[in-house]
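Reviewing the structure listed below.
Residue numbers start from 1 in every chain, and the chains themselves are labelled A, B, ... in the order their sequence lines are given, proteins ahead of strands.
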Protein chains: 2
Amino acid sequence: MKIEEEIKQSAFKSEYHKAFINMLYTASWLELEQSNLFKPFGITLPQYNVLRILRGQHPKPATVSMLIERMLDKTSNASRIVDKLEVKELVTRKQCPNDRRTVDVLITDKGLALLKELDVLDDNNKTGIHNLTEEETIELNRILDKVRQ
Amino acid sequence: MKIEEEIKQSAFKSEYHKAFINMLYTASWLELEQSNLFKPFGITLPQYNVLRILRGQHPKPATVSMLIERMLDKTSNASRIVDKLEVKELVTRKQCPNDRRTVDVLITDKGLALLKELDVLDDNNKTGIHNLTEEETIELNRILDKVRQ
DNA sequence: TGCAAATATATGTACATACATTTAATGTAC
DNA sequence: GTACATTAAATGTATGTACATATATTTGCA
């Protein structure tokens with residue numbers, strides 16, 4: 001559906017203004033789609049993203065600062081997201097012996113198993129971005145990188 | 001900067017997966033840019049969006065349900081955003097006489113004056129989306145609409 | 001050595017999101 | 001016209017974001 005209909009706005013000041021609104025709206029649309037997919041597993045998107053970073057490091061641990069550096073949203077609060085994952089026993093956290101300021105965060109077997117389930121879900125999800133052709137997807141990536149130049 | 005470098009991830013599963021992450025990352029980047037622009041005025045993005053909808057209606061009032069319908073994020077809590085705006089005297093709220101379940105929300109002169117200031121700011125902002133050519137912007141809008149098909 | 005600066009993480013607070021529940025008013029079926 | 005369903009908005013709670021501050025540890029340098 002065209003963005004004008006979605007938010008019931010008849011006209012935008014410019015194509016640029018429309019693209020700005022369209023970006024925010026579509027991203028939030030994609031997030032909602034993804035979070036609904038994950039809801040039955042009791043995991044939120046930020047928690048999922050942290051788990052994925054941890055799997056990328058596994059079996060090495062990650063520190064909280066590494067998580068912040070790699071998270072999509074740099075200003076979010078990695079400590080508290082790890083809190084939630086720890087309660088669900090998807091990660092462990094223990095003080096690093098070399099530098100006792102830092103904390104080693106490790107994904108557990110339970111965490112790895114959960115990610116495996118979610119991978120399948122993700123692979124089977126053919127909505128959203130998958131409406132595009134391969135060429136359109138490449139073009140979208142190029143344009144987005146240019147926006148952040 | 002390419003998305004791989006931004007989030008320090010060397011490879012994506014597919015161009016589609018990369019586009020998904022790129023969308024969320026770039027939208028959050030744009031939101032941060034916009035919210036920094038507005039910070040000196042003590043207004044958040046959702047509050048700004050509600051004010052804009054109210055200006056679109058002015059001098060007619062809007063109801064809370066109309067705000068929800070037109071907001072970018074449909075599941076957010078319009079009541080509480082209106083609370084914040086009311087405290088700052090940017091909107092007024094009073095029970096509608098015809099249907100006493102609904103509430104008439106109206107933008108004040110102070111609210112209109114604030115929006116006028118922000119418009120100027122917005123017009124002078126030539127970063128982000130404005131890095132694109134007009135053709136790229138049109139193509140971006142087309143692709144985003146297709147994602148939400 | 002000793003002490004200030006830097007670093008890593010955690011915590012506090014205001015705001016927003018997501019979703020369930022509550023309250024009040026209205027609509028509708030019988 | 002009363003009873004039940006529906007609607008509009010507000011409220012409660014858990015999570016997350018944004019940002020400031022606190023605490024502990026390490027580093028660096030006089």
| task | Looking at every strand, decide which applies to Leu45(B) at a 4.0 Å heavy-atom threshold: base, sugar-phosphate, or nothing. | result | nothing
| Contact class for Thr44(A) (heavy atom, under 4.0 Å): base, sugar-phosphate, or nothing? | sugar-phosphate
| Residue mapping more 5' on DNA chain D - nearest nucleotide basis, Ser28(B) or Lys88(A) | Lys88(A)
Given atom [atom1] of [X] and atom [atom2] of [N], what is their separation to the nearest angstrom?
X	N	atom1	atom2	result
Leu67(A)	dT7(C)	CG	C1'	16 Å
Phe38(B)	dA18(D)	CZ	P	15 Å
Ile81(B)	dA14(C)	CD1	P	18 Å
Asp83(B)	dA16(C)	CG	P	10 Å
Arg93(A)	dA10(C)	CZ	C1'	9 Å
Met71(B)	dA9(D)	CE	P	13 Å
Glu31(B)	dA16(C)	CD	C1'	11 Å
Ile43(A)	dA14(D)	CD1	C1'	15 Å

| Members of residues 48-62 of chain B that approach DNA chain C, where some heavy atom sits under 4.0 Å away | none
| Considering residues at least two apart in sequence or located in another chain, which fulfil the salt bridge (charged side-chain N to carboxylate O under 4.0 Å, His left out) criterion with Arg101(B)? | Asp99(B)
| said: If the condition is salt bridge (charged side-chain N to carboxylate O under 4.0 Å, His left out), which residues does Lys13(A) pass it with, not counting sequence neighbours? | reply: Asp123(B)
| task | Please assess Lys60(A) against Asp104(A) for the test salt bridge (charged side-chain N to carboxylate O under 4.0 Å, His left out), listing each intermediate value before the final yes or no. | result | CA-CA 9 Å; Lys60(A) 286 186 298 180; Asp104(A) 279 348; over 6 Å; no
| query | For residues 104-141 of chain A, which residue pairs qualify under ring pair (Phe, Tyr, Trp, His ring centres under 6.0 Å), counting only residues two or more places apart or in two chains? | reply | His130(A)-Tyr16(B)
| message | Suppose the criterion is ring pair (Phe, Tyr, Trp, His ring centres under 6.0 Å): which pairs have a residue in residues 68-126 of chain B, not counting sequence neighbours? | response | none
| Taking atom CG of Asp109(A) as the centre, does the number of heavy atoms from other residues, nucleotides or ligands within less than 6.0 Å exceed 12? | no
| query | Can any side-chain N or O of Thr102(B) pair as donor or acceptor with the backbone N or O of Cys96(B) at less than 3.5 Å? | reply | no
| remark: Testing dA16(C), dG16(D), dT9(C) for proximity to the side chain of Gln47(B), the answer is dA16(C)
| task | Among the candidates dT17(C), dA10(D), dA10(C), find the nucleotide nearest to the side-chain atoms of Pro46(B). | result | dT17(C)
| field | side chain to side chain contact (heavy atoms under 4.5 Å, CB included) between Asn131(A) and Val147(B), intermediate numbers included | value | CA-CA 6 Å; Asn131(A) 291 336; Val147(B) 165; 5.5 Å; no
| Which heavy atom in Ala19(A) sits nearest to a heavy atom in Leu144(B), and how many Å separate them? | O-CD1, 4.4 Å
| said: Is there a side-chain contact between Ser65(B) and the phosphate of dT7(D), meaning an N or O under 4.0 Å from OP1 or OP2? | reply: no
| message | Side-chain N or O of Thr102(B) versus OP1/OP2 of dA8(D): is the shortest distance under 4.0 Å? | response | no
| Spatial distance of atom CG (Leu30(B)) from atom CD1 (Ile129(B)) [nearest 0.5 Å] | 5.0 Å
| task | Do nucleotides 19-28 of chain D as a string where each nucleotide becomes B, S or -: B if the base has a protein heavy atom under 4.0 Å, S if just the sugar-phosphate does, - if no protein is that close. | result | B-----BS--
